[in-house]
Amino acid sequence: MTDRYDAIVVGAGHNGLVCAALLGKAGRKVLVLEANSQVGGAAVTRSFADGYSVSACAHLLYQLQPEVRKDLGLQFALAADDIGTIALSADGKHVRYSGENVHGVSDADSKSYRDFHKRMSRFAALLRTYLNKAPPRLGTKDRKDLFTLAQLGLDVRRLGRKEMREFLRLIGMNIYDEVTERFDSKLLKGALSFDAVLGTHLGPRSPNTILTYLYRLAGSGGRLAAPAGGMGSVSEALAQVAREKGVTIRTAMPVKRIVVENGRVTGVESEGGETFSSHTIISNADPKSTLLCLVGAKHVETGFTRRVNNIRMQGNAAKLHLALDGLPVVNGLEKKDFASRLLIAPDENYVERSFNPAKYGETSPQPVLEITVPSFRDSSLAPTGKHVMSAIVQYAPYKLKDGWDDKKRDAFMKTAVSKIAQYMPDIEGRISASEMLTPADIEREFHISGGHWHHGELTLDQFLFVRPVGGAAQYAMPLDGLYLCGAGTHPGGGVSGAAGRNAARVILSREKSA
Amino acid sequence: MSVQQVDQGRLQSPFYPRYKALDRLDTWHTWKGYTSADALFDGELEYFAIRNSCAVFDLTPMTKYRITGPDSLDYIDRLVTRDMRKIAAGRVAYAVWCNDQGQVIDDGTIFHLRDGEYRLCSQERHLAWLTAAAIGFNVTIKEETADIAALAVQGPTSYSVMKNLGLKGIENMKPFGLMHFDFQGSEIMVSRTGFTGDLGYELWLEPGKALDLWDALFEAGKLHGITAMGTHALEQARIEAGYLAAYEEFLPADETIRTGRSRSPFELGLDWLVDFKKPNFNGRRALAEEKLNGSTWRLVKLDIEGNKPAHHSYVYAKPRKNKKEIGFITSAAWSPICKQNIALGSVRMPHGKVGDSVWVEVYYQREMHWSKVMAEAKVVDKPFWFPPRRGATPPGPY
Amino acid sequence: MKTYDAIVIGSGHNGLTNAAFLAKAGLDVLCVEKNDYIGGASVSRNLHKDWIYSNCSYVCSLLRPEIFRSLELHRHGLQITPYGGSTTFLENGDYYGSYWDAEVSYRERARFSKHDADAYNRYSTDTMRQCRFIRDFLLRTPPDPTSFKPKDIRELILLGRKFMDMGEDRMYETIRFWTMSVAEYLDEYFETDVIKTALSGSGIIGTALGIHSPGTAYVLLHHYMGEVDGNAGAWGFARGGMGAVAKSIAGAFQGYGGELRTDAGVEKIVVKNGKVKGVALTSGEEIDARVVVSNMDVKRTFINCMDESDLDPEFYHRVKNFKSRGSSGKLNIALNGLPTFPALPKGSSLMFSDMHFIDSMERMERAYDDWKDGTWSKDPYVDMLIPTLVDPTMAPPGKHFMSCFVQYCPPQIEGRRWKDEEREAFGKTVIDQIAKHSPDFKSLIEHVEIRTPQDIEDQIGITEGNIFHGELTMDQLLFNRPVPGYAQYRAPVAGLYMCGSSTHPGGGVMAAPGANAAREILFDLNRHNTVPENFGDD
């Protein structure tokens with residue numbers, strides 16, 4: 001016997017949970033199926049050594065959309081908010097920035113940074129409006145689509161002539177040219193360059209990195225926070241809300257396939273052979289896994305399959321987790337500074353050079369790192385007196401020449417640790433346990449093809465109208481009853497919940513008009 | 001080291017020596033890189049051989065793909081618009097395939113050679129599309145144009161020739177059937193298919209046996225008026241049969257630069273090939289929508305008054321030419337067998353219903369001077385030429 | 001003293017085109033050139049014995065046929081001869097060529113991959129569709145999207161309509177095409193590295209970006225949108241070298257009564273009361289004019305030849321940060337005979353083709369990494385041609401001229417001027433790469449002219465030697481070119497105009513910027529327009 005649901009969400013990533021909770025709130029009977037034993041997808045807290053836990057992928061929260069919180073009444077505790085950034089310098093003369101303020105640079109740079117931050121924030125705010133609605137379709141006569149398009153045009157115009165020109169100039173540009181035009185401080189240029197390329201297969205010289213920078217600011221204006229208990233707490237809180245709205249969540253229930261009958265989806269079948277029926281299936285999995293594996297190419301058409309197959313989604317970021325028996329020493333840093341985000345990106349050319357090998361399927365011998373010590377502000381993550389360090393390490397291309405194996409992962413972990421040791425000379429002696437998640441590991445553990453956190457590069461050719469692919473940017477796939485709600489759809493990755501929320505709204509409004 | 005240079009000239013089919021030996025006119029063109037005869041000795045007589053006796057045409061250059069593997073049926077069924085589950089092993093299907101927008105990429109014949117093994121013959125080359133269509137399917141697609149020699153044997157006496165060739169059981173083969181025979185120790189596949197609209201067969205075999213087959217065939221047909229023919233005769237017959245030619249009646253959809261220059265199956269009069277009851281296929285969603293909302297174009301078969309072939313003519317709804325044209329002629333010919341001035345054309349809906357009259361602006365040249373007539377044309381339903389023998393099984397010994 | 005209706009600074013092909021259309025409208029026009037020869041970067045130079053070098057630009061395709069026809073350039077001696085095909089030499093001794101005959105090209109591609117041989121049709125259709133989209137805008141002034149003027153709104157609507165006309169799916173493809181990298185674009189069609197490599201070169205020629213940089217698919221288009229005799233994408237030689245282009249346009253200009261002065265470098269553009277007054281030459285002479293048009297790149301025009309105080313500060317700031325990084329070098333070589341390429345069969349038509357010696361996408365991208373590090377590519381992308389195989393006027397009988405375009409080559413080495421030994425080493429890099437595929441090549445060399453972007457700047461005056469007068473990235477294209485708000489050829493000083501490749505539609509021997517600027521000037525002067533419209537539906 002199979003249970004019937006109004007909707008089934010495949011995958012309890014944060015977007016899946018948001019979508020499920022919103023549908024539940026609207027009175028729908030919703031089932032969420034998650035392959036792993038805990039909810040959250042890649043937004044989970046993970047124990048990697050006895051007593052040590054850490055956010056598995058993203059370790060800072062800055063993109064969660066206020067609309068998502070509001071719609072769901074979402075509550076969770078923060079261990080820290082408004083986290084500052086310190087761009088590390090080997091000589092101890094670090095650069096610190098937070099909000100519109102930067103310290104450790106010349107007055108001119110400081111003023112220029114304020115202007116830069118102001119302008120970027122304004123553009124990010126414009127972008128943010130569009131993150132929270134489904135992109136319009138092009139070339140249709142649908143009044144809603146035309147209205148959204150006209151509104152987009154109008155909003156850009158409303159920036160005013162001068163700012164509109166800047167917007168149109170900057171939107172396709174690279175971060176490198178913008179920061180070299182504005183700043184003298186190498187550390188600041190390096191840090192901003194790195195911010196723009198974090199989690200992407202791009203270097204600071206690659207056009208398009210202004211967009212990725214803006215996207216970063218488009219949640220809470222770049223304000224960084226750390227949820228108490230790690231990123232998993234956000235997912236748990238979402239799951240809690242979803243359950244309160246009547247959503248059933250079943251973990252350790254991997255989906256084998258989405259069942260299609262007579263040209264429409266009718267349910268899902270689990271790996272264990274259980275079947276669940278619904279005429280609405282929403283996949284939180286990435287577009288490639290969903291369409292090519294769970295649904296199967298034969299149920300969609302060739303041009304569409306080809307487009308999905310061409311989505312660029314090869315991860316380039318590795319995650320390093322270190323269990324430390326105490327805080328390391330950094331020249332020029334005080335203990336309290338470990339509350340900040342620490343960057344190893346000494347200058348913009350360093351970041352670019354770090355990217356070079358990734359183009360050829362090699363890891364960076366001189367990587368760039370974003371380091372946090374979450375246990376510093378959240379004692380639940382490590383035993384008393386001990387600490388856990390969480391670092392995003394780039395670049396580690398998914399498609400390594402000859403592929404990833406344990407040896408290559410260990411070698412890259414060593415590279416990363418010795419890079420950290422250049423700034424924290426005593427680090428190696430303090431490590432009691434460690435792990436590294438390469439894109440290959442992320443693919444395997446979190447079921448994301450290519451191990452790309454964002455389920456697809458965030459570049460203009462995979463953005464807005466054309467994310468995940470042209471003609472299917474409105475969450476509904478060209479197969480009746482099938483929707484996507486993951487980071488592979490508009491607006492993209494990050495713990496934002498926007499994709500899940502947009503998808504839910506599309507589904508509800510389609511039901512209404514049907 | 002010098003690398004072998006790719007052939008700079010025309011390729012020769014394995015039948016080329018026999019063609020060359022029969023050739024008197026020395027007028028050739030290129031067909032998919034192969035040298036192919038326009039006509040060999042008399043284009044008109046070659047044409048009449050199709051309609052009166054038996055004409056042979058070298059099909060080798062036609063693009064051929066072999067599709068095998070456990071998912072081959074699912075794959076082909078998703079590829080084309082008609083229901084391939086109904087095409088049993090030993091049957092051939094004329095089919096058309098579309099892109100996601102429901103626009104025709106090409107038409108061709110699909111031979112269900114053996115269980116799960118297919119040959120797809122197309123007008124144009126499509127390996128890139130066929131490969132893209134194979135994403136997610138366990139199939140192997142092999143381009144085999146040069147690996148298979150093929151001859152069309154067409155005309156009323158072709159059945160007698162096949163009998164004489166010793167093909168046992170051929171009498172039971174229905175149109176769009178195929179059978180395998182032994183030919184001098186190697187396998188020959190024979191299908192009851194063709195591009196002439198007449199009784200006829202096509203013979204497929206390994207290139208090494210091509211000349212032996214030719215010789216045996218001509219020996220078997222000696223008393224049945226067997227004649228080699230060129231493309232001129234075939235083109236004449238093709239229009240009479242109402243068959244489509246790529247780059248005449250349609251363009252491969254993914255190779256059109258301008259918007260609106262491609263055609264859907266409905267717009268080519270191929271409604272009967274589109275089956276919405278079968279599982280998902282390429283173009284299904286767009287075609288369902290077109291079915292609902294109507295098409296833009298319609299393919300028409302025209303019987304035009306007078307005797308001036310209407311090559312590249314504009315088509316009008318009214319005889320007064322100050323009206324806007326409603327379409328244009330894609331192929332035109334004087335039909336020697338029907339004694340009709342025939343044409344295929346593309347006109348805008350709702351024009352061109354069967355039985356309608358339209359007007360065709362025909363330009364013709366006589367001794368340097370150009371003249372123009374507005375000729376009335378009737379839209380007809382059936383192919384211009386469809387003799388009963390084409391469908392008869394067993395065919396008679398005409 | 002005489003006051004001209006217009007003075008055009010610089011006799012590059014755009015300056016001459018601009019001057020010619022102004023003169024054709026009856027204006028009294030003077031064109032001044034700092035060098036003792038005309039042409040800017042469209043030149044034929046006699047630098048070694050009886051050899052003529054096209055020592056900057058070397059092939060022609062982008063020159064708008066509308067302009068050729070309108071100025072009757074054939075009457076002034078211009079003959080464009082198409083050349084066929086291209087060759088890529090593989091390290092393993094094989095080669096990949098493309099031929100005039102489509103079937104032969106098919107067979108050659110099929111030798112590497114039948115899939116790719118078929119995919120090429122869709123690739124070229126899709127690319128040509130983009131060409132066709134952009135081509136209609138080459139001879140039009142970009143609209144200002146921030147303006148509410150009827151003309152701007154009309155042009156924006158036209159742009160929008162052309163886009164909408166493509167239909168939904170092709171609109172998405174267009175968005176993607178304009179924003180993606182050439183490598184990723186090619187990945188969507190082809191599986192064979194060498195086929196992708198051979199096609200990717202057009203995505204980076206003259207560009208300070210690598211094949212993996214987003215935006216380079218557009219650069220590919222920039223090299224495909226030309227034509228010779230209606231054959232879209234075809235390239236040709238100008239008989240007598242590229243100087244023939246400038247010479248013929250100069251001929252047209254003078255035929256319309258225009259005046260041309262060489263050895264007349266401009267020191268300053270003179271502004272009085274916020275209005276342009278004329279030019280001051282380096283000789284100290286001042287010439288007055290109602291209109292001044294600069295064919296120089298924007299940086300040279302506004303930073304070097306004007307006072308900052310005469311300009312809007314915002315505009316000045318943008319021009320100062322206009323990206324014009326040189327990335328291309330050149331070798332012009334006089335040969336005692338025709339070099340042989342043993343990989344090619346005897347008598348191969350590929351001898352006439354443009355030849356390349358990089359056979360993988362990785363080598364292409366690595367060439368860019370060197371440039372980013374402030375040096376020339378140690379394994380560069382070379383686009384090599386021997387024009388004397390079709391043009392007998394450029395070398396003595398039996399002798400040959402070889403043109404090697406080299407990507408990448410920086411305007412400076414590690415931030416300072418090139419040293420002579422570095423220039424020599426750069427030349428050797430290129431010669432060695434070619435010699436690997438042609439054993440007798442080195443022994444045939446009689447003379448080599450090595451040109452780095454710095455040399456181009458020193459001689460022609462183009463800032464940083466950027467062959468396009470500014471990079472072709474999205475932030476510097478269409479209404480953003482040269483800088484947002486000033487894309488309609490008017491400088492922020494009354495009477496001052498820009499007509500060089502820094503303006504829309506950008507670089508290449510296209511002459512469209514010069515023609516477009518002329519149309520705007522004539523409009524402002526209330527004169528009859530002499531600039532042709534595009535032929536349409538090509």
Side-chain angles (χ1 to χ4, degrees), chain A residues 137-142 145 256-266 281 283 285-313 449-450 466 468-483 510 514, chain B residues 67 69-81 83-85 96-106 126-139 141 252-256 259-260 262 264 274-289 291 293:
Chain A
R137 271 182 81 156
L138 297 179
T140 61
K141 294 190 177 76
D142 186 283
D145 286 333
K256 187 178 163 198
R257 65 186 188 106
I258 293 169
V259 183
V260 180
E261 283 166 34
N262 299 323
R264 64 158 305 121
V265 296
T266 57
I281 308 293
S283 175
D286 67 84
K288 273 191 197 181
S289 306
T290 303
L291 291 153
L292 303 182
C293 304
L294 295 177
V295 171
K298 73 175 187 176
H299 297 298
V300 285
E301 301 181 16
T302 294
F304 185 73
T305 312
R306 182 164 61 189
R307 284 183 188 181
V308 169
N309 201 46
N310 281 336
I311 297 174
R312 283 176 293 107
M313 49 182 311
S449 339
V466 282
V469 298
Q474 294 74 31
Y475 305 95
M477 295 297 107
L479 178 60
D480 293 344
L482 180 67
Y483 297 85
R510 280 165 75 111
Chain B
I67 296 159
D71 291 346
S72 54
L73 171 59
D74 281 353
Y75 167 78
I76 291 181
D77 204 41
R78 207 268 304 244
L79 182 73
V80 304
T81 61
D83 191 345
M84 291 302 296
R85 295 171 306 179
V96 61
W97 52 100
C98 299
N99 63 12
D100 290 16
Q101 287 71 45
Q103 301 297 296
V104 171
I105 291 176
D106 206 349
H126 300 293
L127 192 57
W129 176 256
L130 296 177
T131 307
I135 297 170
F137 290 87
N138 187 357
V139 288
I141 299 149
D254 284 349
E255 289 170 30
T256 60
T259 311
S262 55
S264 77
V274 183
D275 188 344
F276 289 113
K277 287 194 209 82
K278 69 176 253 191
N280 182 50
F281 59 90
N282 289 332
R284 181 192 183 107
R285 294 171 80 86
L287 290 172
E289 208 167 297
K291 183 114 192 148
N293 301 331

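Quick note on labels: first sequence line is chain A, next is B, and so on, each numbered from 1.
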> What are the residues of residues 302-309 of chain A, in order of number, with any heavy atom under 4.5 angstrom from a heavy atom of chain B?
A:T302, A:G303, A:F304, A:T305, A:R306, A:N309
> Please classify the contact of B:F281 with chain A as side chain, backbone, both or neither, using a heavy-atom distance under 4.5 Å.
backbone
> Could you pull out all residues at least two apart from B:N280 that satisfy side-chain hydrogen bond (donor to acceptor under 3.5 Å, both in side chains)?
none
> Pick one of side chain, backbone, both or neither for B:D74, based on which atoms fall under 4.5 Å of a heavy atom in chain A.
side chain
> Does any backbone or side-chain atom of A:D480 lie under 4.5 Å from a heavy atom of chain B? Answer side chain, backbone, both or neither.
both
> Using 0.5 Å steps for rounding, measure from the CD1 atom of B:I135 to the CG atom of A:N310.
7.5 Å
> Looking at B:R284 and A:V300, would you say the former's side chain and the latter's main chain have a donor-acceptor pair under 3.5 Å?
no
> State the CG-NZ distance between A:N262 and B:K277, to the nearest 0.5 angstrom.
12.5 Å
> Considering all heavy atoms of both residues, which atom of A:A297 and which atom of B:G136 are nearest to each other, and what is their separation?
CB-CA, 4.1 Å
> For B:D254, is it the side chain, the backbone, both or neither that has a heavy atom under 4.5 Å from a heavy atom of chain A?
side chain
> Mind checking the CZ-CD spacing from B:R78 to A:E301? Nearest 0.5 Å is all I need.
8.0 Å
